Number of protein chains: 2
Amino acid sequence: MKKVTVNDLAKISGYSQPTVSRALNDSNLISVEVKQKIQELAKKMNYRPNIAARSLAGQKTGIIGFYIFQMEHAMHPTLSQVLQGATRVAAEEGYNLLLVLTDEDTNKGEVAARNYLDGILIPTQETTEEEIKFLESQNIPFVLLNREPDEKRYVVNIDYEKVAMDITEHLSQAGHRRIAYLSGPEDFWINRALLKGYRKASEQFLGGLQCIRFGDWSEEEGYKLASELLELPNHPTAFFGEDFLIAGALRAIKERGLRVPKDVALVGINDVPLISSLDPPISSMRLPMDKLGEEAAGLLIKLLSGKKAKKQVLLPGELIIRESSKQEFQEEVS
Amino acid sequence: MKKVTVNDLAKISGYSQPTVSRALNDSNLISVEVKQKIQELAKKMNYRPNIAARSLAGQKTGIIGFYIFQMEHAMHPTLSQVLQGATRVAAEEGYNLLLVLTDEDTNKGEVAARNYLDGILIPTQETTEEEIKFLESQNIPFVLLNREPDEKRYVVNIDYEKVAMDITEHLSQAGHRRIAYLSGPEDFWINRALLKGYRKASEQFLGGLQCIRFGDWSEEEGYKLASELLELPNHPTAFFGEDFLIAGALRAIKERGLRVPKDVALVGINDVPLISSLDPPISSMRLPMDKLGEEAAGLLIKLLSGKKAKKQVLLPGELIIRESSKQEFQEEVS
DNA sequence: CTGAAAGCGCTTACAG
DNA sequence: CTGAAAGCGCTTACAG
């Protein structure tokens with residue numbers, strides 16, 4: 001089963017190679033009838049363009065790069081949702097996603113050129129400004145995900161600031177005055193945005209009181225941070241942060257014989273699987289990660305087609321309230 | 001910043017294009033000194049091969065397809081680990097992974113040809129025999145993951161049969177006689193393998209007693225299935241199955257006022273995040289999904305390089321014993 | 001061991 | 001609107 005080429009199509013249709021090429025690319029430098037005829041023939045003969053050739057000849061490859069930072073640990077469950085959403089939209093538009101593993105040593109721009117990507121999705125927090133500048137200098141279109149908003153760039157974000165505000169408000173309305181925020185590393189925009197929202201809401205609802213601890217995203221870290229905080233004389237009566245951290249906090253709380261939500265309330269972020277199966281079920285902010293991927297891919301593809309597009313996109317989360325923060329909180333006077 | 005080409009290298013070094021090409025490709029049809037000289041020059045000039053050109057001329061793209069079945073729900077957490085492992089090994093060997101979204105309507109072989117994949121990784125249970133036959137007819141190398149072993153094909157599997165046997169043995173040794181298995185859909189090889197192991201172990205340790213329920217993989221389903229079983233006069237005293245199913249079973253058990261592990265023991269499969277944070281922490285079989293991806297990618301790349309490789313690979317799981325199955329079980333006589 | 005020649009499949013100026 | 005020509009950067013027979 002020999003591969004069908006443009007040349008074959010040309011011979012059979014009786015038109016020249018350029019004409020066939022134009023028909024295939026839906027050019028408007030060709031009459032509608034001829035275009036249709038050739039397209040039908042291509043379909044009938046099961047023609048598939050050779051991406052390498054097309055790319056060499058100076059065109060598009062139909063391949064979008066998806067940067068993945070090389071991590072020791074497994075991909076965050078969240079990333080695979082982004083990937084899923086992006087892949088779906090890309091597939092609809094005739095694009096495919098190429099996974100590009102990167103690490104500190106890799107100049108991603110080089111990688112990009114080398115792999116003939118039409119455009120790039122950058123969901124990794126670790127990509128440095130320098131690398132992004134490189135992509136810009138190479139004129140490779142890219143879209144940033146969950147990164148510092150920037151008027152000059154395309155960036156699609158979850159509205160983390162509002163996420164933190166909503167959670168803080170929710171907890172303060174339940175009667176909590178001392179709400180602790182367990183944060184991931186501050187050098188990620190996500191966490192800076194959450195922090196900002198938490199600060200704002202604290203000003204508004206708690207008179208500025210704040211209690212923040214930084215760590216990574218592990219259950220162990222959550223356990224450690226919460227344990228420390230619970231030792232304080234006037235320890236927080238509510239914690240929020242990423243789900244895994246909060247799962248750790250739950251363990252610390254139970255270990256001390258405190259009850260959730262009666263003594264301490266808990267709210268997670270991400271609504272990962274099983275967070276609702278903990279005892280008690282943990283309230284959590286559900287984030288539209290698949291939507292994030294869809295929006296980003298859609299935006300990038302718009303750019304690739306030369307269309308105008310909104311530069312900044314902001315997606316809202318949705319607070320799922322469960323046992324861990326349901327109850328009206330009443331400070332016990334001891 | 002003009003790209004350096006083989007031609008540039010040829011002009012500067014004074015050698016011909018083919019000679020440069022040979023040096024770059026580490027051919028042995030070239031003297032060692034010349035090779036070295038050219039390689040140094042290439043490095044100095046920061047030469048990067050144009051993959052498109054190389055692919056056009058040499059028929060290879062360096063791209064491996066990774067099939068993903070289009071699902072409504074998010075990717076199983078497990079899949080992203082496979083992906084992670086495969087991507088890592090591929091990157092090491094100079095390959096990249098292209099995500100190929102497939103659904104019932106897509107002829108995957110066509111997709112493959114269309115994207116000029118050097119080879120394909122097939123981790124989806126849904127890919128039909130017909131489609132695989134198509135790939136074979138096209139001479140596209142592929143590796144199957146977690147599929148029915150087949151002497152004639154390359155397949156890398158977790159040893160699910162042993163997984164189920166080990167769990168059953170573990171529970172029976174703890175004193176359980178009525179062990180229920182909550183299974184996913186039987187048309188997946190994974191589940192047939194688990195079933196087989198469960199049956200074997202039941203013969204061996206329980207005198208053939210068996211209790212099986214089929215469902216999907218959701219928490220709700222686990223809750224439903226376990227609830228039904230718990231209504232039986234002599235209900236099972238132990239359940240095992242995929243983590244989410246078991247999380248649901250836990251809920252059903254608690255709802256009836258039964259205690260884990262005193263009244264009912266629980267063992268999950270996959271050891272997903274947070275399964276150890278349930279109350280009580282759930283024993284689970286940890287499966288080397290990243291390793292699965294690594295092995296599969298490594299195997300495929302071997303094939304692509306024309307090397308011989310073992311056709312069947314079997315990877316063991318590791319049982320992580322936690323509270324939910326730790327205790328010696330004693331049937332209470334009521 | 002080295003080089004001249006051809007070609008991979010496609011697109012894009014350039015004429016008409 | 002259509003076609004003849006050139007070329008993208010590389011590799012691979014084919015000679016020597």
Side-chain angles (χ1 to χ4, degrees), chain A residues 1-39 41-42 45-63 94 110 113-118 304 306, chain B residues 1-39 41-42 45-63 94 113-118 304-306:
Chain A
M1 188 161 139
K2 188 71 176 45
K3 291 230 52 130
V4 183
T5 70
V6 167
N7 201 352
D8 299 332
L9 256 28
K11 271 186 210 139
I12 295 171
S13 67
Y15 290 93
S16 71
Q17 212 164 293
T19 299
V20 171
S21 175
R22 288 186 192 107
L24 261 21
N25 288 300
D26 212 24
S27 156
N28 46 5
L29 294 165
I30 184 178
S31 73
V32 185
E33 306 89 62
V34 175
K35 190 195 285 187
Q36 256 180 11
K37 205 164 8 170
I38 295 180
Q39 285 179 348
L41 179 68
M45 297 197 54
N46 206 14
Y47 167 77
R48 301 293 161 197
N50 178 318
I51 291 210
R54 178 175 278 181
S55 149
L56 224 207
Q59 265 285 104
K60 298 292 158 76
T61 59
I63 297 181
E110 268 185 26
R114 215 216 231 99
N115 289 301
Y116 51 91
L117 306 172
D118 282 355
L304 297 180
Chain B
M1 187 161 134
K2 190 70 176 44
K3 287 224 60 118
V4 183
T5 72
V6 167
N7 202 351
D8 299 330
L9 257 29
K11 273 188 208 140
I12 295 172
S13 68
Y15 290 94
S16 71
Q17 211 164 293
T19 300
V20 171
S21 175
R22 288 187 191 106
L24 262 20
N25 288 300
D26 212 24
S27 157
N28 46 5
L29 294 166
I30 184 176
S31 74
V32 185
E33 306 90 59
V34 176
K35 189 194 285 188
Q36 255 180 10
K37 208 169 357 174
I38 295 180
Q39 284 180 349
L41 178 68
M45 298 198 52
N46 205 18
Y47 167 78
R48 300 290 161 199
N50 178 321
I51 291 214
R54 176 175 280 179
S55 146
L56 224 208
Q59 316 297 1
K60 294 272 192 298
T61 60
I63 298 180
R114 208 237 228 87
N115 291 298
Y116 291 82
L117 305 173
D118 283 354
L304 297 181
S305 335

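This is a predicted model, so every value here is computed, not measured.
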(message) Can you give me the closest heavy-atom contact between B:Ser13 and B:Val20, atom names plus distance?
(response) OG-CG2, 4.1 Å
(request) Looking only at non-hydrogen atoms, find the nearest pair between B:Val6 and B:Ser21 and report the distance. (result) CG1-N, 4.5 Å
(message) If you compare all heavy atoms of B:Leu304 against all heavy atoms of B:Asp118, which two are closest, and at what distance to 0.1 Å?
(response) CD2-O, 3.2 Å
(message) Return the pairing partner of D:dA4 with a 3.5 Å limit on both distances, Watson-Crick or G-U wobble; otherwise return none.
(response) none
(request) Report yes if a side-chain nitrogen or oxygen of B:Thr19 is closer than 4.0 Å to either non-bridging phosphate oxygen (OP1 or OP2) of C:dG3; otherwise report no. (result) yes
(request) Indicate the atoms forming the closest heavy-atom contact of B:Ala10 with B:Ser16, along with that distance. (result) CB-C, 3.9 Å
(request) Can you see which heavy atom on A:Tyr47 is nearest to which on A:Val4, and at what distance? (result) CD1-O, 3.3 Å
(message) Under 3.5 Å for both donor-acceptor distances, Watson-Crick or wobble: does D:dA13 have a partner, and if so which one?
(response) none
Would you tabulate the side-chain donor-acceptor contacts of residues 29-37 of chain A under 3.5 Å, counting partners in other chains and residues two or more places apart, or write 'none'?
unit_1  : atom_1 : unit_2  : atom_2 : d
A:Ser31 : OG     : A:Val34 : N      : 3.4
A:Lys35 : NZ     : A:Asp26 : OD1    : 3.3
A:Lys35 : NZ     : A:Ser27 : O      : 3.0

(message) Does the protein touch nucleotides 10-16 of chain D at the base, only the backbone, or not at all? Give it as B, S and - per nucleotide, heavy atoms under 4.0 Å.
(response) BBBB---
(request) Take atom CG of A:Asp8 and atom P of C:dG9, then tell me their distance rounded to the nearest Å. (result) 9 Å
(message) If we ignore hydrogens and angles and just use 3.5 Å, is the side chain of B:Asp8 paired with the main-chain N or O of B:Thr5 as donor and acceptor?
(response) yes
(message) Can you give me the closest heavy-atom contact between B:Ala23 and B:Gln39, atom names plus distance?
(response) O-NE2, 3.0 Å
(request) Please list, by residue number, the residues of residues 28-39 of chain B whose heavy atoms come closer than 4.0 Å to an atom of DNA chain D; answer none if no residue qualifies. (result) none
